[in-house]
Amino acid sequence: MAIVASAQRGTRRILAGADAWMNRLYGWRFNPLYHSGALVVALLLVVLVTGIYLLFFYRIGAPFASVARITDQVWLGRWIRGLHRYASDAAVVAALVHALRLFAQGRSWGPRTLAWVSGLVLLFTVFICGWTGYVMVWDVQGEVLARAGARLLDVLPIFSEPISRTFVGERPIPGAFFFLNLFAHIAIPIGLGLVVWLHVSRVARPALLPSRKLMWGVIGLLVALSLFWPVAMGPPADLFRLPAPAPFDWFYAFWVPLARPLSTGFVWAVTLAVAAATLLAPLWTRPARAARPPASWVDERLCTGCEQCYQDCPYDAIEMVERTENVKAGASATVARVDAGACVSCGICAGSCAPMGVGPPGRTGRDQLSRVQAFVAARRPGAKDVVIVGCDRGAGGIAAGESFHGALVYPVSCAGSLHTSVIEYLLRAGAGGVLVVSCPARDCWNREGPKWLEQRVYHKREAELRERVDRRRVRLAHAAVGETGGVVAELEAFRALLAELEAAPREAEFDVVRECDTAPEEAAR
Amino acid sequence: MTPLARRTTAIALALGSTLAIGALSRAPYTADRAAHGVVRLAWRARGERVEECRRLTPEELERLPAHMRQEESCEGRVLPYRLQLSIDGARVVDELVQAAGARHDRPLYVYRELTLQPGAHAIAVVFAREGAIPPGEREASEGTPPRLALDTTVALLSRRVLLVTYDDDARRLVLRDGSP
Ligand code: HEM
Ligand code: SF4
Ligand code: SF4
């Protein structure tokens, strides 16, 4: 759908600007936008630990008074309560950024459907936890939230007695209400752990925590906030007064002013519509059938059973199975097999396979070689030329053009899918240097592309760049879409190095044996 | 940007976002700014349950499985009440309150809120059973009386709620304002 594509494009443009900014300020390793999903996990862990402390002091028989007592513990209770709240708030922000990124990057359909849907369940669960958490305090905000919730729930034919009646004041609010609320507040997080597990079940090696510096930085800031701007008690709930002015947490109570003037039917209709629309995103964000990239496949005649693609696939979509075809002497006992239902067509396996036996159709190592041959024939890179192999999704957005600042551009769908023989081919064909520009590692749409690429080029990971290739003529760099300037800087630095190399060959070609080892000849004379 | 400017901006942004979280977690809000008072009618009544029986026609019997064929079919329901409220002599509520539940066999719940200008108001509430108990059936003694009424003058304060509710022990409608 054109409108979805343009919404995604627009969101990507905003994120690109924000990413470039954050990379400049904090460096790509600590860009919080790249770590949003993992930050949610870290923040939820903080919420869990602080929540256990608060639980010791909370009394369902005296909710407001017991929270007030915690808040009066100047040394511990107050800031732990503050941290519990602020971490919950930050978790909402991080989760929204995380969801927005994945929407913008089109990572919301196909094999990612389970992650998408379970992510929404997670977000909803976090929201319900916050809601019940504020009801626990039983101040004005708690009462308003409880009443607003009761008003919505009472139209459902599931309760034998309207919940709203709990708050009319004819009798004190029964302890059972606060018990149930507390139970929900605690039982839901237990379920949360399970849903997080489900959420990342389709990705290999999920990055569950952000980089340490970033994590402790964020937690440190929230601790400082809870120390220097401690939470205070709002006015207590009073069933016999209109709700007094009170502090509200807009991360969890944002909907109250929106829903208040509307009929419950309308609020339900809007809620269900939003829920359905977001839950069905895997259908409406999915490209048309013809535009969907096909799953990877294995050419069993070429597969040697080395297991590298099986290890590298970021989505655990490859398994090793017993060979049933092409069984002959010397053939491996096992071959790789792609589970098409789990494959996102990232192409990373194509870069993993030295014999070029796996990859999405049209993007296997062999296909890449034919493509680079055609590229060389058409563009004829010379000794003074740098070829920039640029990732479509990042690389400062330069991969869309044919050339960039005088360098020839060779676009790829993911730098991690690049077969290292392409680099070698370009150099052998005469290019002065090859600059591979990927996305920053944590921003790889395919999760692990830059990591594997770097290991193949510099650390002899299987399907490595051959020893014989002059590493001085190869350079790896990364840049987010908005970081065109970064690519220019890398290119200039690389050109300077190549220029030094160009000056050097005469020296390198100096035949040490012929020039220096003259004694035998002279002796012969 | 110089390294110093970059570092300063980085710190300022981190602190600013943290403060924004603090501010948004406690932004003041008044859910109801009105100056009026509220009269809240809220109670739970146990109504009179009656059984209504009729003979099934031969065709209806035919359609039932053999082991369920009973000539008489009875359905229980709770008789409704009519709720009337007059304020300062004007009738503002006149409605039939059905027992809860899809088959109207659960208690009756009254929950109405009316806003009023602060000041003295004459309030008259009547909650009276509609429909008769079939002959031969006795009225259950623990049920809500067939007619409840409250006729009084109240001094309603701004932003306060006055509750009219049913006192189960006294078996009558009472006024409460939250004071112990
Ligand atoms: C609210 C709590 C959430 C937590 C704790 C969370 C956490 C995570 C983590 C740790 C990953 C793995 C990242 C990686 O290693 O690549 C992930 C992936 C993912 N998340 Fe979430 N997430 C949450 C909410 C959401 C929401 C609301 C959505 C979308 C509506 C979402 C959609 C996804 C998707 C689609 C992936 C898979 C990405 C891929 O396949 O490349 N998540 N999440
Ligand atoms: S990397 Fe290639 S050779 Fe190795 S298991 Fe996978 S398909 Fe087979
Ligand atoms: S393209 Fe290859 S690496 Fe990527 S998900 Fe599919 S099988 Fe895994």
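In what follows, chains are A, B, ... by sequence order, proteins preceding strands, each numbered from 1.
The pair A:E143-A:R147 meets the salt-bridge criterion, since a charged nitrogen lies less than 4.0 angstrom from a carboxylate oxygen. Between B:D94 and B:R82 there is a salt bridge, since at least one side-chain N of the basic residue sits less than 4.0 Å from a carboxylate O of the acidic one.
Put simply, of B:R33, B:R44, B:R106, the one with the most heavy-atom pairs under 4.5 Å next to chain A is B:R44. Chosen from B:H36, B:R176, B:R40, the residue pairing most often with chain A at heavy-atom distances under 4.5 Å is B:R40. Among A:L221, A:D238, A:L222, the residue making the largest number of heavy-atom pairs under 4.5 Å with chain B is A:L221. Taking A:L242, A:D249, A:V92 one by one and counting their heavy-atom pairs under 4.5 Å with chain B, the maximum is reached by A:L242. When each of A:V256, A:L239, A:V144, A:V218 is scored by its heavy-atom pairs under 4.5 Å with chain B, the top score falls to A:L239. In terms of heavy-atom pairs under 4.5 angstrom with chain B, the leader among A:W21, A:F228, A:F251 is A:F251. Here B:L24 is the residue among B:T165, B:L24, B:I11, B:D32 with the most heavy-atom pairs under 4.5 Å with chain A. Put simply, of B:S179, B:S17, B:G37, B:G178, the one with the most heavy-atom pairs under 4.5 Å next to chain A is B:G178.
Only the side chain of A:R260 has a heavy atom closer than 4.5 Å to any heavy atom of chain B. For B:L13, the parts lying near chain A are the backbone and the side chain together; criterion is any non-hydrogen pair under 4.5 Å. Within the 4.5 angstrom heavy-atom criterion, no atom of A:P235 approaches chain B. In this structure, the portions of B:Y29 lying under 4.5 Å from any heavy atom of chain A include both its backbone and its side chain. Only the side chain of A:R85 comes within less than 4.5 Å of a heavy atom of chain B; its backbone N, CA, C and O stay farther away. For A:F167, the part lying under 4.5 angstrom from a heavy atom of chain B is the backbone only.
Atom CD1 of A:I128 is separated from atom CH2 of A:W131 by 5.5 Å, given to the nearest 0.5 angstrom. From A:L15, atom CG reaches atom CZ of A:R101 across 5.5 Å, with rounding to the nearest 0.5 Å. The line from CZ of B:R6 to OH of A:Y26 is 11.5 Å long, rounded to the nearest 0.5 Å. Separating the OG1 atom in A:T71 from the CZ atom in A:R78 is a distance of 7.5 Å, to the nearest 0.5 Å. The line from CG of B:L162 to CD of B:E113 is 11.5 Å long, rounded to the nearest 0.5 Å.
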May I have the step-by-step check of side chain to side chain donor-acceptor pair (under 3.5 Å) for B:S86 and B:R91, ending in yes or no? CA-CA 4 Å; B:S86 304; B:R91 176 68 49 84; 3.3 Å; yes
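Within 6.0 Å of the CZ atom in B:R7, the count of heavy atoms belonging to other residues, nucleotides or ligands does not exceed 12.
A cation-pi arrangement, defined by a distance under 6.0 Å to the six-membered ring centre and an angle within 45 degrees of its axis, is absent between A:R165 and B:W43.
Of residues 135-142 of chain A, not one residue has a non-hydrogen atom less than 4.5 Å from any non-hydrogen atom of chain B.
Ring-plane geometry between B:Y81 and B:F127 is classed as parallel, the angle between the planes falling under 30 degrees on a 0 to 90 degree scale with a further cut at 60. Note: A:Y134 and A:Y252 have tilted aromatic rings, judged against thresholds of 30 and 60 degrees for the angle between ring planes.
No hydrogens or angles considered: a donor-acceptor pair under 3.5 Å links the side chains of A:D154 and A:S164.
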